[in-house]
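Report on the structure given below.
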Amino acid sequence: MTGRRISRRRFLGTAGAAGAGLLVAGGIVATQLDDSAEATNAAVPFYGAHQAGIATPAQERAFVATFDLTTDKLDDVRALLRNWTRAAALMCAGEPVGPVEGDQWAPPIDTGEATGLAAANLTITVGVGPTFFERDGADRFGLANQRPEQLIDLPVFAGDALDPARCGGDIVVQACADDAQVTFHAVRNLARIARGKAVMRWSQLGFGRTASTSREQETPRNLFGFKDGTNNILAEDEAAMSEHVWAAAGDTPDWMAGGSYMVARRIRMLIEVWDRSTLLDQEQTFGRTKITGAPLGKEAEHDTVDLVATDDAGDPLIDPHAHIRLAASSENAGVRILRRGYSFTDGMDTRLGQLDAGLFFICFQRDPRTQFVVLQQRLSTDLLNEYIKHTGSGTYAIFPGVQDGGYLGETLLG
């Protein structure tokens, strides 16, 4: 994996609950093309106080997967996370997890599809879901009393049409990079290492980041064509990160200090319905102009939103149910989250002949109960709900960072 990229790569395909592979729907192969600029040779440090992939400037590609444990032995879980830690550190440095060549009568240790590719800013972020601690009322590993109160099962929200096969999972892995094949390689090799101890529950490929997490990044557009995440928390704002994102030493439980809480939501966009809507309706739905991203009544994207401005008839310039109004921190007692989502396309819905595409929403926060849940309940009257539905969901406690010689989850498992 070290060295410069040999050539441009195009990665075809998507991944479903059973793993990764090509999806053929209605005779059309779902494709995700790496048509961005050449991925860099940069490697993001794996070890540190926090896991990478949260405050890291958002990369262009993602592969998120959850796993269900098939073992009831805590020692097996420790061994799995130790092995994952070693493999993740190597892959994030641009190295294979082991030899690609060697014994002709044994499978190679590394699967090899990233040989010759750069690290491409790969980050691998790992955490655990509620069912890691307790399933069907059973304390699986004697750790039920260590489940954080913040790690909740989300309530039902407006627009939920959740598929159980796309929800939950004992362990979550988020792999992000500037090359889709690098993210695929990362999750594939972790899945291989997990055999006998865990199986993949669901997975989602993402392309085209839908948020900026650094001042150096331009605000991207979502599949509705609007700039998304203009007022996101930026990694350079350490005060905001400390207040809204990182679990602190004073929080409970102690093992989460330096970690965070992840919410993942697969949001299908009703593309065909949206495409028949007028520009006026689209802009009123978001509360922004489509091309510039400026709040209605303003000229530039980052102009201050004026929520009290009225039009000539005396009506609010920004609709009372516009997305920008309902999501504004000023309207939610200062509540903020760190958004880190991606667009996705999973072929066609053959029943309706419509694109199965949308936003794979990812956010990190200090406490989902007082952050994501509050915001999502506020969005129950969002005009955007006419054009979206939520089909997958999960909450996860993301481990603190790990030091060289340690392993992911060490603060919990000892």
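In this structure the side chain of Thr213 reaches within 4.5 angstrom of the side chain of Asn232, judged on heavy atoms. Annotation: side chain of Asp319 is not in contact with side chain of Arg325 (no heavy-atom distance under 4.5 Å). Lys227 places none of its side-chain heavy atoms less than 4.5 Å from the side chain of Phe286. When side chains are defined from C-beta on, Asn231 does not count as touching Ser329, because their heavy atoms never get closer than 4.5 Å. The shortest distance between side-chain heavy atoms of Thr289 and Leu296 falls below 4.5 Å. Contact of the Val77 side chain with the Phe132 side chain is registered, since non-hydrogen atoms from C-beta on lie closer than 4.5 Å. You'll find the side chain of Ile54 reaches within 4.5 Å of the side chain of Thr125, heavy atoms only. Looking only at side-chain heavy atoms (C-beta outward), Thr85 and Phe46 come within less than 4.5 Å of each other.
Listed by first and then second residue, the ring pair (Phe, Tyr, Trp, His ring centres under 6.0 Å) pairs involving residues 227-252 are His50-Trp246 (not counting sequence neighbours).
Between Phe226 and Trp274, the ring-plane angle classifies as perpendicular under the 30° and 60° cut-offs.
To the nearest 0.5 Å, atom CZ of residue Arg340 and atom CD1 of residue Ile233 are 13.0 Å apart.
A distance-only check finds no donor-acceptor pair linking the side chain of Ser277 to the backbone of Gln282 [under 3.5 Å]. Using modelled atom types, no side-chain atom of Gln376 and backbone atom of Val156 make a donor-acceptor pair closer than 3.5 Å. The closest donor-acceptor contact from the side chain of Gln150 to the backbone of Arg366 lies at 3.5 Å or more, if one exists at all.
When all heavy atoms of Tyr387 and Phe224 are compared, the pair lying nearest together is O-CZ, 3.6 Å. The two residues Gly297 and Leu317 have their closest heavy-atom pair at CA-CD2, 3.5 Å. Here the closest non-hydrogen pair linking Gln217 and Ala211 is OE1-O, 4.5 Å. Contact record, Ala322 with Asp382: C-OD1, 4.2 Å, taken as the closest heavy-atom pair. Among all heavy-atom pairs drawn from Met348 and Gly353, the shortest one is CE-O, 3.4 Å. The shortest heavy-atom contact between Phe364 and Ile398 is CE2-CG1, 3.9 Å.
With 3.5 Å as the limit, one finds a donor-acceptor pair spanning the side chains of Thr111 and Asn189. Side-chain atoms of Arg86 and Asn83 form a donor-acceptor pair, as typed in the model, at a separation below 3.5 Å. Gln59 and Thr123 share a side-chain donor-acceptor pair at under 3.5 Å. Residues Thr230 and Glu301 have side chains that bring a donor and an acceptor to within less than 3.5 angstrom of each other. A donor atom on one side chain and an acceptor atom on the other are found under 3.5 Å apart for Arg209 and Ser212.
Under 4.0 Å is where a charged nitrogen must lie from a carboxylate oxygen, and between Asp349 and Arg268 at least one such pair does. The residues Arg369 and Glu149 are annotated as salt-bridged, a charged nitrogen and a carboxylate oxygen being separated by less than 4.0 angstrom. Using a 4.0 Å cut-off between charged nitrogen and carboxylate oxygen, Asp228 and Arg288 do not count as a salt-bridge pair. Using a 4.0 Å cut-off between a side-chain N of Lys or Arg and a carboxylate O of Asp or Glu, Glu134 and Arg147 do not qualify as a salt bridge. Salt bridge present: Asp68 and Arg201 bring a charged side-chain N and a carboxylate O closer than 4.0 Å.
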| task | Before giving the answer on side chain to side chain contact (heavy atoms under 4.5 Å, CB included), spell out for Arg265 and Leu154 the whole-Å C-alpha distance, their side-chain angles and the decisive distance to 0.1 Å. | result | CA-CA 11 Å; Arg265 304 277 287 181; Leu154 295 175; 4.1 Å; yes
| Should Thr391 and Asp356 be marked as a side chain to side chain contact (heavy atoms under 4.5 Å, CB included) after you check the CA-CA gap, both sets of side-chain angles, and the distance that decides it? | CA-CA 11 Å; Thr391 60; Asp356 182 7; 6.0 Å; no
| message | Set out, in order, the CA-CA distance, both residues' side-chain angles and the distance that settles side chain to side chain contact (heavy atoms under 4.5 Å, CB included) for Thr395 and Phe372, then state yes or no. | response | CA-CA 10 Å; Thr395 55; Phe372 176 79; over 6 Å; no
| query | Should Val373 and Phe157 be marked as a side chain to side chain contact (heavy atoms under 4.5 Å, CB included) after you check the CA-CA gap, both sets of side-chain angles, and the distance that decides it? | reply | CA-CA 9 Å; Val373 171; Phe157 297 113; 4.3 Å; yes
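For the salt bridge (charged side-chain N to carboxylate O under 4.0 Å, His left out) test with Arg266, the passing option among Asp163, Asp160, Asp346 is Asp346; the others fail.
In this structure Arg188 satisfies the salt bridge (Lys or Arg N to Asp or Glu O under 4.0 Å) test together with Glu113, sequence neighbours excluded.
Within 6.0 Å of atom CD in Gln377, more than 12 heavy atoms from other residues, nucleotides or ligands are found, so the atom counts as buried in its surroundings.
Figure legend: cation-pi geometry between Arg82 and Tyr407, with NZ or CZ positioned under 6.0 Å from the six-membered ring centre and within 45° of its axis.
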